[in-house]
Novice: 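Have a look at this one.
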Amino acid sequence: MRFPTACPSCTALSHAKIDIEQHSFPEPAMHRYRSHTCGELRDTHAGETVRLSGWVNRVRDHGGLLFIDLRDHYGLTQIVADPDSPAFKTAETLRAEWCVRIDGVVKKRTPETVNANIPTGGVEVFAQEIEVLGAAKELPLPVFGEPDYPEDTRLKYRFLDLRRETLHANIVKRTRIIASMRRRMTEIGFSEYTTPILTASSPEGARDFLVPSRIHPGKFYALPQAPQQFKQLLMVAGFDRYFQIAPCFRDEDPRADRLPGEFYQLDLEMSFVTQEDVWDTMEPVIRGVFEEFADGKPVTQRFPRIPYDTAIRTYGSDKPDLRNPIEMQAVTGHFAGSGFKVFARMIEADPKAEIWAIPAKTGGSRAFCDRMNAWAQSQGQPGLGYIFWRAENGALEGAGPLAKNIGEDRTEAIRTQLGLAEGDAVFFVAGDPAKFYRFAGEARNRVGSELGLVDKDRFALCWIVDFPFYEWSEEEKKLDFAHNPFSMPQGGLEALENEDPLTIKAFQYDAVCNGYEIASGSIRNQKPETMVKAFELVGLSQADVEERFGGMYRAFQYGAPPHGGMAAGIDRVVMLLCGAENLREITLFPMNQQAQDLLMGAPSDPTPKQLRELHIRLNPPQ
RNA sequence: GGGGGUGUAGCUCAGUUGGUUAGAGUAUCGGCCUGUCACGCCGAGGGUCGCGGGUUCGAGCCCCGUCACUCCCGCCA
């Protein structure tokens, strides 16, 4: 007899064998609930009397014979009851998702009744006794078969939803991914430190969640948007290598790849490092986690390090999907002074104007080009100019209105520059790149997916580096931090004092996978005078810095080490590795898009007593 | 804050130009069935067509408003 004991490596109980034959003790009594799990029995168990507990996955009632699929965390076992069984009467009453305990005898199945689809399919348990541990009312949400169900029903009955095979497996995978991250970080010398949840509002960009203080009337704590300042303080305090599976709270509207309210980051910080050190340290961790959970799909071995400016020009995005082989190129010169007046005039009138080409191998048909053009118009664009190449009387010919306008030589020059051939096409986007690059990136994605050029079965990772330090805020008509105020400008104080702020880069970088930003980090600005100057350029004074950064600015006055780090979005990594398209498919108890928890009923009304203690009077809108 | 989509049985959906008693599958309940593993067969119950108003002899369908869910934009260093 053995008792369930979790195997530390795979969460299955089945490896934990305690062979009582080696002991001289009398056989212990049957465990109250189970002798084996539902994923454990094999034909080597034939003849044994076993006890299983689990949920009724499905009943197949043949009148004189009935089958019950009993399910637990570990698997599925077929239970058989026939009229000779003392448990038959009870068995007939069982319904889906009842929680039951079943005693019975393991029997090897005859060859024609073996179910090769499940690991326990070689055996079945003939029921002798059934105890109902928890009956179920009529289900608001079926578990077996996982039919599509409305999101709100799934969230309200999340405990049933979580019994479903796919979601259950996703959550287990998530847990194993996080355990792997912890192990890998610990192995390379990082230590996990927990940081406060109730803290002060910080100068990061998102809206804070506030928690009223009872002891200090009118004052509020904030939930951390990230443990950013704490981890930097840990570096000042000499802890050298920090990491944390950190909960982060931001009161912003959600997206399919952005949970409302709270999410998790693999947060880390290192002292005495350059940005290359951070990449070299974390690339093996990220690659290792992906390879461990990618189910054999190839993972980028050496992450390309792509400067931000190059990424924008080549892919139209700072989070490019590198599974898509399309690389854009500027072809402005081929249109300058050409017969295609729309582009030629644009280039003449505006020195910033450029023409970007999106090469589309195998896209060389009028039908496809027209379809792309129609799509562009549906996106509010004037259209999408194109050339495609076909064989005409044995000769290669550039076709389409643009080719006619600019003539054979220019058409051929464009084809040569882009390396295109018969059956290929190219699309053009024109204007000020700062304004159109985003659309160009969308067009690149669309061409790639429509032509099937994107290899979906791989994980393409890269670093995007050298982000701009500042950007121009059109609304406020002033400089603003492009990414965050914690990062060090490349060139330091000298650059801030002498260079055009909009040309200054930051020691700031992202990790990107398949078009998703999965991590972001920087070398931090730990020099007080550089910080003050950096803030001065966005119109904030030293007093503002002291107020916003509080303790961290103070800490930097007392021997702050150079340091840097990053934070990886765990939810997104898990989503990618589970092949899910929605964060709710990899999260235990997510909120809906209105940031409500339909199971627990959050947010909820406070009692008058609670409000009195917090010195709060409500002032609802309207 | 703005835009798109969806809303008909517990669920997934059909429902013709606006016209008789709103249908199917599935789930539930009852009956039959000894080798199923999406078991099968027969039957029954189950509807405020999201809600409110309007047009019309007549509205699931047309119009106005509103609510819910979802996707996107803004936002998210």
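A note on names: the letters A, B, ... follow the listed sequences, proteins ahead of strands, and every chain is numbered from 1.
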Novice: Ignoring backbone atoms, test whether A/Arg255 places a side-chain nitrogen or oxygen under 4.0 Å from the OP1 or OP2 oxygen of B/C73.
Specialist: yes
Novice: Side chain of A/Asp61 only, please: which of B/G35, B/C33, B/C73 is the nearest?
Specialist: B/C33
Novice: By nearest atom, which of the nucleotides B/C11, B/C69, B/C76 is closest to the A/Asn592 side chain?
Specialist: B/C69
Novice: Please test A/Arg101 against A/Glu129 for salt bridge (Lys or Arg N to Asp or Glu O under 4.0 Å), starting from the C-alpha separation and ending with a verdict.
Specialist: CA-CA 8 Å; A/Arg101 186 210 92 210; A/Glu129 187 180 321; 2.7 Å; yes
Novice: Under 4.0 Å, counting only non-hydrogen atoms across every strand here, what does A/Tyr470 touch: a base, just sugar-phosphate, or nothing?
Specialist: nothing
Novice: Quick check on B/C71: is either OP1 or OP2 less than 4.0 Å from any side-chain nitrogen or oxygen of A/Arg584?
Specialist: yes
Novice: Would you say A/Gln225 places a side-chain N or O within less than 4.0 Å of OP1 or OP2 belonging to B/C76?
Specialist: no
Novice: Between the side chains of A/Ser541 and A/Asp544, does any donor sit under 3.5 Å from an acceptor?
Specialist: yes
Novice: Among the nucleotides B/C72, B/C73, B/G10, which one has an atom lying closest to any side-chain atom of A/Tyr149?
Specialist: B/G10
Novice: From B/A38, B/C69, B/G35, pick the nucleotide closest to the side chain of A/His62?
Specialist: B/G35
Novice: Identify, residue by residue, the members of residues 504-532 of chain A with a heavy atom below 4.0 Å from RNA chain B, and return them in order of residue number, or none.
Specialist: none
Novice: Taking N and O atoms by type only, does the side chain of A/Arg109 place a donor or acceptor under 3.5 Å from a partner on the base of B/C37?
Specialist: yes
Novice: Between B/G35 and A/Asn115, is there an OP1 or OP2 to side-chain N/O distance shorter than 4.0 Å?
Specialist: no
Novice: What is the base-pairing partner of B/G40, counting Watson-Crick and G-U wobble geometry with both distances under 3.5 Å?
Specialist: B/C32
Novice: The side chain of A/Asp152 is closest to which nucleotide in this list: B/A68, B/C37, B/U34?
Specialist: B/A68
Novice: How far does the C1' atom of B/G3 sit from the matching atom of B/G45, given to the nearest Å?
Specialist: 43 Å
Novice: Does the cation-pi check pass for A/Lys107 over A/Phe126, that is, NZ or CZ under 6.0 Å from the six-membered ring centre and within 45° of its axis?
Specialist: yes
Novice: Taking only the side-chain heavy atoms of A/Glu151 (C-beta and beyond), determine which of B/G1, B/U36, B/C69 contains the nearest atom.
Specialist: B/C69
Novice: Apply ring pair (Phe, Tyr, Trp, His ring centres under 6.0 Å) to residues A/Phe549 and A/Phe535 and explain how you reach the verdict.
Specialist: CA-CA 11 Å; A/Phe549 279 85; A/Phe535 275 81; 5.3 Å; yes
Novice: Whether A/Gln594 contacts B/A68 is assessed here as follows: a side-chain N or O lying under 4.0 Å from the phosphate OP1 or OP2. Is that the case?
Specialist: no
Novice: Assess whether atom CZ of A/Phe67 is packed by more than 12 heavy atoms of other residues, nucleotides or ligands within 6.0 Å.
Specialist: yes
Novice: Answer yes or no: does a side-chain N or O of A/Gln596 lie under 4.0 Å from OP1 or OP2 of B/A68?
Specialist: no
Novice: Taking the nucleotide of RNA chain B with the nearest heavy atom to each, does A/Pro142 or A/Val80 sit closer to the 5' end?
Specialist: A/Pro142
Novice: From B/U36, B/U12, B/C73, pick the nucleotide closest to the side chain of A/Pro150?
Specialist: B/U12
Novice: As a quick check of understanding, evaluate salt bridge (Lys or Arg N to Asp or Glu O under 4.0 Å) for A/Arg163 and A/Glu146, giving each step before the final call.
Specialist: CA-CA 10 Å; A/Arg163 287 182 194 173; A/Glu146 312 185 55; over 6 Å; no
Novice: Phosphate oxygens OP1/OP2 of B/G35: is one of them under 4.0 Å from a side-chain N or O of A/Gln78?
Specialist: no
